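See structure below.
In what follows, chains carry the letters A, B, and so on, assigned in the order in which the sequence lines appear, proteins first and then strands, with residues in each chain numbered from 1. Note that these values count all heavy atoms, side chains included, but never hydrogens, waters or copies made by symmetry. What you see is a predicted model; the values in this text were computed from it and never measured.
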There are 2 protein chains.
Amino acid sequence: MFNVDIYCMITGVASYSDTEKRALSAYTKLMRAAESVTGRTSRILGAYNLTVSQFGVLEVLFHKGSLCQSELAAKILKSTGNITMVIDNLEKRNLVRRERDQNDRRFIAIHLTESGHVLIEEVFPSIMAAIVKEMSILPEREQGELARLCRLIGLQEDAGRRIDVFTIT
Amino acid sequence: MFNVDIYCMITGVASYSDTEKRALSAYTKLMRAAESVTGRTSRILGAYNLTVSQFGVLEVLFHKGSLCQSELAAKILKSTGNITMVIDNLEKRNLVRRERDQNDRRFIAIHLTESGHVLIEEVFPSIMAAIVKEMSILPEREQGELARLCRLIGLQEDAGRRIDVFTIT
DNA sequence: ATTTATTAGTTTAATGTTGAGATGTTTAAT
DNA sequence: ATTAAACATCTCAACATTAAACTAATAAAT
């Protein structure tokens, strides 16, 4: 998952300002939290032979219905070249199927197959439960606070890189 | 980087409990924040032809001194097989060098070369500045709050997976 | 001492990931 | 209509990533 980050920074070698130390502390802990949670959820997915990207695609199709590849790429924040491969691998396992749009032949709609639907309907609840468990270490109010702070950090997207609106606010 | 996550979950298709919605909202925003920050910092690294993992290794060596590969793997939370390749690529560019430990020949110490030292000394401040900028959207107090909440999430490691202690607390 | 277990690192297969360039499709401009 | 621009997808090279199998070196057990 997450590829990521700068794990052990600053040790006392050089001197950094309080502002730098504070920012770095927040940054490091944000990264470690995300890494930590993703590591555990991806191990659950591994039991179903799914990668995080594959799950992402199945989950989007499950909750949003059929989409074309560029829309899927935007949803899971990956490149279109990458989506091609992820869909290839899902198609090999007969979890999704491609269907060329007859009105605009540039588009390829991706549909969940029956077995894909069965699988995601089985996997999703266990991921949901894992997420609830991950967050349950924080009381309700602090889960909200975490969401609010992370949202502010995440919002400062580069111009031209903003992807799409969340479905849960 | 971050490999990532479940980006768009739940839309109204099914009904989820308040607990689930709250946990999922926090989870999604945590992931998006980490993804967003990592995306921007990795674009800076790209200008130096460094990947996030390569930077991670150089940064650890810079701040901690020479380490063996398994220690580096633990620091940047990657597998030892991966470290072999990352070090290979850094060695090709003459940024680090391998040195077999003469007392215990299983270990290979990794050292920064002169040019590796020059590079990380140039790159690190720009990454530091970027992190400070990322976090500066939050007032000081809230940076501390974010760090505290993320730390709690990150702490619940699986047994046997706890890696190492942070240098900044 | 010999066997056994542990540890460090490498290799391999499978998948992911990006960015850049190529192909095919549609729309806009002239 | 022809051309140009925009768009969706695919391909490719390079690097990342893990897990599992493997080699080599050391430590522990007997």
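- The pair Arg98(A)-Glu91(A) meets the salt-bridge criterion, since a charged nitrogen lies less than 4.0 angstrom from a carboxylate oxygen.
- Set against dG16(C), dG9(C), dT6(C), the side chain of Arg106(B) has dT6(C) as its closest nucleotide.
- Between atom CZ of residue Arg151(B) and atom CZ of residue Arg148(B) there is a gap of 10.0 Å, rounded to the nearest 0.5 Å.
- Rounded to whole Å, atom P of dC10(D) lies 12 Å from atom CZ of Arg105(A).
- Between Glu134(A) and Arg40(A), at least one side-chain nitrogen of the basic residue sits less than 4.0 Å from a carboxylate oxygen of the acidic one, meeting the salt-bridge criterion.
- The separation between Glu71(A) atom CD and dA8(D) atom C1' is 11 Å, rounded to whole Å.
- Heavy-atom minimum distance, Ile110(A) versus Leu61(A): O-CD2, 3.5 Å.
- Which of dG9(C), dC10(D), dG16(C) sits closest to the side chain of Thr80(A) comes down to dC10(D).
- Nucleotide dT17(D) holds its C1' atom 16 Å from the CG atom of Leu72(B), rounded to whole Å.
- For the residue pair Ser25(A)/Lys29(A), the side-chain donor-acceptor check at 3.5 Å is satisfied.
- One interatomic measurement links the two molecules: CG of Leu90(A) to P of dT15(C), which rounds to 11 Å at whole-angstrom precision.
- Within the nucleic acid shown, Ser70(B) comes within 4.0 Å of sugar-phosphate atoms alone, with no base atom in reach, counting heavy atoms only.
- The CD-P distance, from Glu91(A) to dT15(C), rounds to 14 Å in whole Å.
- Going from atom CZ of Arg100(B) over to atom P of dT23(D) covers 16 Å, rounded to whole Å.
- Contact annotation for Asn89(A): backbone-only contact, meaning every heavy-atom pair under 4.0 Å involves sugar-phosphate atoms and none involves a base.
- The listed nucleotides are dT10(C), dA16(D), dT9(D); the one nearest the side chain of Ser53(B) is dA16(D).
- In the set dT18(D), dG16(C), dT10(C), dT10(C) carries the atom at the smallest distance from any side-chain atom of Arg98(B).
- In this structure, Asn49(A) reaches neither bases nor backbone, as no heavy-atom distance under 4.0 Å exists between it and the strands shown.
- When each of Lys92(B) and Ile83(B) is assigned the nucleotide of DNA chain D bearing its nearest heavy atom, the one mapping closer to the 5' terminus is Lys92(B).
- Base contact: Thr84(B) has a heavy atom under 4.0 Å from a base atom.
- Nearer to the 5' terminus of DNA chain C, by closest-nucleotide assignment, is the contact made by Met85(A) (compared with the other of Asp101(A) and Met85(A)).
- Salt bridge Arg22(B)/Glu20(B): absent, no basic N to carboxylate O contact under 4.0 Å.
- Taking side-chain N and O atoms only, Thr51(B) has a distance below 4.0 Å to OP1 or OP2 of dA16(D).
- The nucleotide whose nearest atom lies closest to any side-chain atom of Asp104(A) is, among dT15(C), dT26(C), dT18(D), dT26(C).
- The nearest whole Å value for the distance from the CD1 atom in Ile76(A) to the C1' atom in dT18(C) is 13 Å.
- Summary of helix geometry: the two end axes of the helix from dA1(C)-dT30(D) to dT30(C)-dA1(D), each defined by five base pairs via their C1' atoms, are inclined to each other by 10° (rounded to 10°).
- Of all heavy-atom pairs spanning Met135(B) and Tyr27(A), the tightest one is CE-CA, 3.6 Å.
- Rounded to whole angstrom, the span from the NZ atom of Lys78(A) across to the P atom of dA16(D) amounts to 16 Å.
- Across all strands shown, Ser79(A) has heavy atoms under 4.0 Å from base atoms, whether or not it also approaches the sugar-phosphate.
- Note on Asn82(B): a base of the nucleic acid sits closer than 4.0 angstrom, heavy atoms only.
- What you find for Tyr48(B) and Arg93(B) is that their closest heavy atoms are O-NH2, 3.3 Å.
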